[in-house]
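Each chain gets a letter, A, B and so on, in the order the sequences are listed, and its residues count up from 1.
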There are 2 protein chains.
Amino acid sequence: MHLLSSTEARLIEAALDLLGERGYKGATTREIAARAGVAEVTLFRRFGSKARLLAEAVRRAGAAFKEVAAHPSGDLRADLRTLAELYRGQLQRGGALVFVMASEAAREPELRRALGEALAGRLVTVAGFFKYYQAAGELRGGETAALIHAFFGPLIAASLFGVALERAPALDLEAHIEGFLRGWSA
Amino acid sequence: MHLLSSTEARLIEAALDLLGERGYKGATTREIAARAGVAEVTLFRRFGSKARLLAEAVRRAGAAFKEVAAHPSGDLRADLRTLAELYRGQLQRGGALVFVMASEAAREPELRRALGEALAGRLVTVAGFFKYYQAAGELRGGETAALIHAFFGPLIAASLFGVALERAPALDLEAHIEGFLRGWSA
DNA sequence: TACTTATGTAAGTATGCACTTACTATCAAG
DNA sequence: CTTGATAGTAAGTGCATACTTACATAAGTA
């Protein structure tokens with residue numbers, strides 16, 4: 001995990017942005033390069049191919065998120081709020097499409113693998129987070145999958161609605177957390 | 001809304017399938033036609049363009065769903081179960097990508113409009129459904145948006161995880177409904 | 001100064017895609 | 001038995017895209 005040159009960092013930023021706006025096939029190398037303010041050929045010199053650039057971009061995304069989920073503070077409600085805010089920020093940057101790309105880009109094995117690993121890693125971290133609060137007696141026991149779906153699902157849904165509709169119903173974070181806690185507290 | 005010829009019906013089926021598997025740009029007219037068992041040129045004769053075919057496909061999808069949501073039975077839990085099952089079935093057929101296409105296909109105004117209308121129509125229907133049970137005193141008052149996100153979000157999340165991962169955590173429908181009712185019952 | 005490294009410009013290749021055109025085959029209805 | 005509708009085959013057009021190659025430039029370093 002070496003540091004990124006500014007050129008590489010700008011390409012990754014631009015790639016993430018465009019991924020969110022247009023999806024995998026819609027994010028063209030020309031446009032990524034233009035948005036990053038570099039020549040298209042530089043993209044290929046640095047990353048070799050579009051698939052590899054996007055795989056890198058996906059790998060880098062979400063480090064802060066894992067950081068929080070890996071270290072529960074003991075204050076469940078506060079942690080949930082932080083996670084929700086972080087996750088929402090990521091979704092706005094196209095994180096939602098991580099999922100979709102997995103199908104859209106199914107033909108690029110390298111990209112698919114990177115996506116799968118990134119997502120799986122996060123899920124494991126998040127599962128550990130919920131298990132911690134289950135063990136602490138604050139959340140009901142049972143499958144952590146149910147907690148993951150219940151907590152992140154509404155965030156994802158709100159983000160997808162926002163992408164698809166002009167006047168999408170907004171998600172009230174406080175209400176969401178309130179409902180989640182009511183539904184799943186021990 | 002005239003009836004579909006079998007050719008048209010098969011094209012729409014195939015389009016919906018491939019949309020789910022590959023996304024908008026990934027679903028090529030060649031492959032759609034092949035899966036439908038017709039010549040590619042027939043697709044263009046019938047629908048004029050790829051965008052119009054997909055817009056039609058999206059429009060037709062989900063009639064059964066609206067049917068249920070528009071007529072609450074009075075038994076909230078049973079209705080929720082039916083809706084969840086119907087919705088999950090649709091998501092498996094690529095319904096989740098309806099959202100994503102909206103960004104991926106942002107350049108096709110006709111498709112984007114059809115998607116927006118289809119989605120907006122459903123949201124209105126579903127909002128009405130929840131309002132009915134709020135008025136009946138079974139669900140807490142407040143924004144119906146929160147209920148929509150809380151109920152459908154987890155279904156969407158589970159579907160997206162399933163697309164992206166080989167061994168995705170499954171969603172236990174009963175547990176989901178249970179948690180939802182706990183969290184949002186009056 | 002000479003060499004290296006990171007970038008740029010410009011042109012081009014190969015491929016895949018949506019969509020078109022021209023012609024043929026089948027079949028049901030009048 | 002002709003006509004019209006619906007389908008097919010085959011070939012091709014035009015364009016956008018990922019990726020390549022060749023050459024130039026500027027800056028930093030030995």
Side-chain angles (χ1 to χ4, degrees), chain A residues 2-19 21-58 97 101 103-112 114-115, chain B residues 2-19 21-58 97 101 103-112 114-115:
Chain A
H2 60 291
L3 284 174
L4 296 171
S5 76
S6 97
T7 303
E8 280 172 345
R10 292 214 311 280
L11 278 167
I12 284 185
E13 283 288 301
L16 242 25
D17 271 10
L18 276 166
L19 220 52
E21 285 174 31
R22 310 217 201 293
Y24 176 68
K25 300 227 182 195
T28 68
T29 51
R30 240 207 288 288
E31 207 165 352
I32 292 171
R35 191 168 296 199
V38 305
E40 192 183 3
V41 72
T42 298
L43 182 161
F44 288 101
R45 278 200 278 243
R46 285 280 172 174
F47 294 96
S49 74
K50 173 182 177 179
R52 275 211 282 280
L53 163 61
L54 296 180
E56 262 309 295
V58 167
L97 298 191
M101 286 169 48
S103 77
E104 195 191 340
R107 256 67 174 281
E108 310 276 356
E110 183 160 10
L111 180 53
R112 190 171 169 79
L115 284 167
Chain B
H2 60 292
L3 283 175
L4 296 171
S5 76
S6 96
T7 304
E8 280 171 345
R10 290 212 314 279
L11 278 168
I12 284 185
E13 285 287 302
L16 242 25
D17 271 8
L18 276 166
L19 220 52
E21 285 174 33
R22 305 218 203 295
Y24 176 68
K25 300 227 182 193
T28 67
T29 52
R30 240 205 291 284
E31 205 164 354
I32 293 171
R35 191 166 296 200
V38 306
E40 192 183 3
V41 71
T42 298
L43 184 161
F44 288 101
R45 279 198 278 244
R46 285 281 173 176
F47 293 96
S49 74
K50 175 183 175 178
R52 276 211 281 279
L53 163 60
L54 296 181
E56 262 308 296
V58 167
L97 297 191
M101 285 170 47
S103 79
E104 197 190 341
R107 259 66 177 282
E108 309 277 356
E110 182 157 17
L111 180 52
R112 189 171 170 79
L115 283 167

| Start and end of chain A contact along DNA chain C [non-hydrogen atoms, under 4.0 Å] | C/dA6 to C/dT9
| task | Tell me, please, which residues at least two apart from B/Thr7 pass side-chain hydrogen bond (donor to acceptor under 3.5 Å, both in side chains). | result | none
| said: B/Arg10: which residues meet the salt bridge (Lys or Arg N to Asp or Glu O under 4.0 Å) condition with it, sequence neighbours left out? | reply: none
| Counterpart residues, side chain to side chain contact (heavy atoms under 4.5 Å, CB included), relative to A/Glu13 (two or more places apart) | A/Arg93
| note | Distance col, row B/Glu8:CD vs B/Glu56:CD, nearest 0.5 angstrom, shows 8.0 Å
| task | Using the closest heavy atom to pick a nucleotide of DNA chain D for each, name whichever of B/Arg10 or A/Val41 lands nearer the 5' end. | result | B/Arg10
| query | Among all residues two or more places apart in sequence or in another chain, which pass the salt bridge (Lys or Arg N to Asp or Glu O under 4.0 Å) test with A/Arg52? | reply | A/Glu110
| query | Taking all atoms of both residues into account, what is the closest heavy-atom pair of B/Ala33 and B/Leu11, and its distance? | reply | CA-CD2, 4.2 Å
| What residues form a side chain to side chain contact (heavy atoms under 4.5 Å, CB included) with B/Phe44, not counting sequence neighbours? | B/Thr29, B/Glu40
| Sub-3.5 Å donor-acceptor pair from the side chain of A/Lys50 to the main-chain atoms of A/Tyr24, do we have one? | yes
| Which residues satisfy the side chain to side chain contact (heavy atoms under 4.5 Å, CB included) test with A/Ala34, sequence neighbours excluded? | none
| field | Non-neighbouring partners of B/Thr42 that pass side-chain hydrogen bond (donor to acceptor under 3.5 Å, both in side chains), sequence neighbours left out | value | none
| task | Name the first nucleotide and the last nucleotide along DNA chain D (5' to 3') that come under 4.0 Å of a heavy atom in chain A. | result | D/dT17 to D/dT21
| request: Could you list the residues that satisfy salt bridge (Lys or Arg N to Asp or Glu O under 4.0 Å) with A/Arg35, not counting sequence neighbours? | output: A/Glu21
| query | Heavy atom of residues 30-40 of chain A under 4.0 Å from DNA chain C: which residues? | reply | A/Gly37, A/Val38, A/Ala39
| field | Separation of A/Leu43 CG from A/Ile12 CD1 (nearest 0.5 Å) | value | 10.0 Å
| Counting only non-hydrogen atoms, which of residues 43-53 of chain B are less than 4.0 Å from DNA chain D? | B/Arg45, B/Arg46
